Amino acid sequence: MRRCFARPAACTTLQAFGYGRSTATDLGRINRQSSRLPTPHSPLPQTMPRIRDLLHSGQPGQTITVQGWVRTKRETKGITFLEVNDGSSMVGLQVVLNTDMTHYDTVVKALTTGSSVEIGGDLVESPGKGQRVELQGQTLTVFGIADGETYPLQKKRHSFEFLRSLGHLRARTNTLGAVFRVRNACAQAIHQFFQERGFLWMHTPIITASDCEGAGAMFAVTGLDLTQVPRTAEGQVDYSQDFFGKPAYLTVSGQLEAEIMAMAFKDVYTFGPTFRAENSNTSRHLAEFWMVEPEMAFCDLVGNMDLAEDFLKYIFSSVLNACPEDMEFFNQRIDDSVLATADNIINNTFERIAYTEAVKLLEKADKSFEFPVQWGIDLQSEHERYLAEELFKKPVIVTDYPTGIKAFYMRLNDGGETVAAMDVLAPKVGEIIGGSQREERLDVLERRIQEAGLPIGDYWWYLDLRRFGTVPHAGFGLGFERLVQFMTGMGNIRDVIPFPRTPDSIEF
RNA sequence: UCCUCGGUAGCUCAGUGGUAGAGCGGUCGGCUGUUAACCGAUUGGUCGUAGGUUCGAAUCCUACCCGGGGAGCCA
């Protein structure tokens, strides 16, 4: 590409060109007919049609301007085809450039995959196969060339491992583009689902005061100079000199705070970032991920299950509706069960079964498990998948788990052997949602905190909720990236979040 | 953290002790409408790093680094 710039003919079209607040390089505005002057356009983005809309509803005869990045260029002797993509859809707009354009030899030939362009012209019916309409290019502005020798994205399939090393460029690929459109549609659907039902979105804190949340290793947050940590007389870190005057961490859950807000607004939800410092190196774990946690007052476990089922059906329907091409792509190229799975979620009533019953079914199963089943142990991934995939062949909600394997805040059932917990198990992925009815009885909750060996003083406000106007309530948690993984069929969670954070990895 | 597989051209990979390869990409040329265009030519490497065995190491050994998959933990 540098060689092209060195050509005298190309150099004559080079000039600094102020463009809005940024400076772009104008490689040339090219007129098909030399008598026609370039028409300066408004730089306001909202005046530019998105390629998605042009492909769906653009009419031949429209004069349009599009902006985007060149995905491919196909050249023949007398004509050049560009596919321009602006991220609004999987498929790009085909642009036809004829050799009689001014500067064709210098500018059009210089265009490479990855270059940024603005092209004006007429939308016409495409005589070729593969697209309804195409853009007959008349003016072309090149904002930036992507040097073909060094631009790492090629017109071929790349491994996801390789694309992960290109976190700043991979969103321009078909698959990651589809992932992030689906992710957006999914987030939008989540808000819409809750807002339609009167839930309030609550921003629970990201920095939390103590580790009483009790769910996994936490990242410490400190303002102390780590090269000169103040010590107490006993040699411990003197947190009284730290920013908050006590140890602080990044949140691992917004649930306890959501419970506070549910005691005022009945139905609330959180949707925000969550952090786990666990050294988990798997395709299903991130150190920073987004979590959705609805919490409902005056609600029991059955109401919780109803909400979880409605929730998944709604999200899947919405995303299929919003991103049909992307979902079709996932089904074709990533996992051919994506659409069947979505259909299964949307059109089946979820099976509901108590843990004790599930264990009996697993014991009777004509199948040998790596981990033998026994009442009292937590279900392994292989057990969950057997229930959802082989036995019921649809989503299964398992309820009433043994008290010993679940968290202290889950409501104790009569007899005390089980708690009102629920896990939604889905074919292909296993647990997708985990939740419970919360313990609303003060005396029971106090006993459970003590039995768990937790510092009861730290929970004074949580216990106050039971002292003052307590109410049965319930909620669940859902890992947002796992939902996106589930919907798209993407195998690695690092490929459904724009900038994954995992142990020893925090690029971009 | 444990188990396991891997690291060779820009990318995807072949090469199991004897002169480092293919496809794709890039570049150049050709081709009147292409669809991951096509055809021809060409470019391209400290074989993850360090040490060792050997006449000779991409290949065998040791350590380390990085990545994939699985497990645990979990969402």
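These figures come from a predicted structure and were not determined experimentally. Naming convention: chains lettered A, B, ... in sequence-line order (proteins, then strands); numbering from 1 in each chain. Values reported hereafter were calculated over all heavy atoms of this structure, with side chains retained and with hydrogens, waters and symmetry mates removed.
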Quiz item: Is there a Watson-Crick or G-U wobble partner for B:C2 with both distances under 3.5 Å, and if so, which one is it?
Solution: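 The answer is B:G70, by the H-bond criterion.
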Quiz item: Base, sugar-phosphate, or nothing: which does A:E134 touch, judged by heavy atoms less than 4.0 Å apart?
Solution: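 Since a base atom lies under 4.0 Å of A:E134, the category is base.
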Exercise. Describe the nucleic acid contact of A:N492 in one word from base, sugar-phosphate, nothing, applying a heavy-atom distance below 4.0 Å.
Key: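 A:N492: backbone/sugar contact only, no base atoms under 4.0 Å.
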Measure distances between side-chain N and O atoms of [X] and base N and O atoms of [N], and say whether any donor-acceptor pair falls under 3.5 Å.
X: A:Q154; N: B:G10; result: yes
X: A:Q94; N: B:U34; result: yes
X: A:S280; N: B:C73; result: yes
X: A:E161; N: B:G7; result: no
X: A:Q131; N: B:U34; result: yes
X: A:H158; N: B:C11; result: no

Mind checking the [atom1] distance from [N] to [M]? Whole angstroms is fine.
N: B:C55; M: B:U43; atom1: C1'; result: 35 Å
N: B:U59; M: B:A50; atom1: P; result: 13 Å
N: B:A57; M: B:U53; atom1: P; result: 11 Å

Quiz item: Side chains of A:R172 and A:N85: is there a donor and an acceptor less than 3.5 Å apart?
Solution: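 Result is no, nothing qualifies.
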Quiz prompt | Of A:E259, A:Q255, A:R448, the residue whose pairing with A:Y409 passes side chain to side chain donor-acceptor pair (under 3.5 Å) | solution =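 Between A:Y409 and the candidates, side chain to side chain donor-acceptor pair (under 3.5 Å) is satisfied uniquely by A:Q255.
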Exercise. Quickly work out the A:I405 CD1 to B:C73 C1' distance and round it to whole Å.
Key: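 In whole Å, B:C73 C1' and A:I405 CD1 are 14 Å from each other.
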Nearest to side-chain heavy atoms of [X], which nucleotide of [options]:
X: A:K77; options: B:U34, B:U32, B:A71; result: B:U32
X: A:E149; options: B:U27, B:C11, B:G33; result: B:U27
X: A:F371; options: B:C73, B:A71, B:A36; result: B:A71

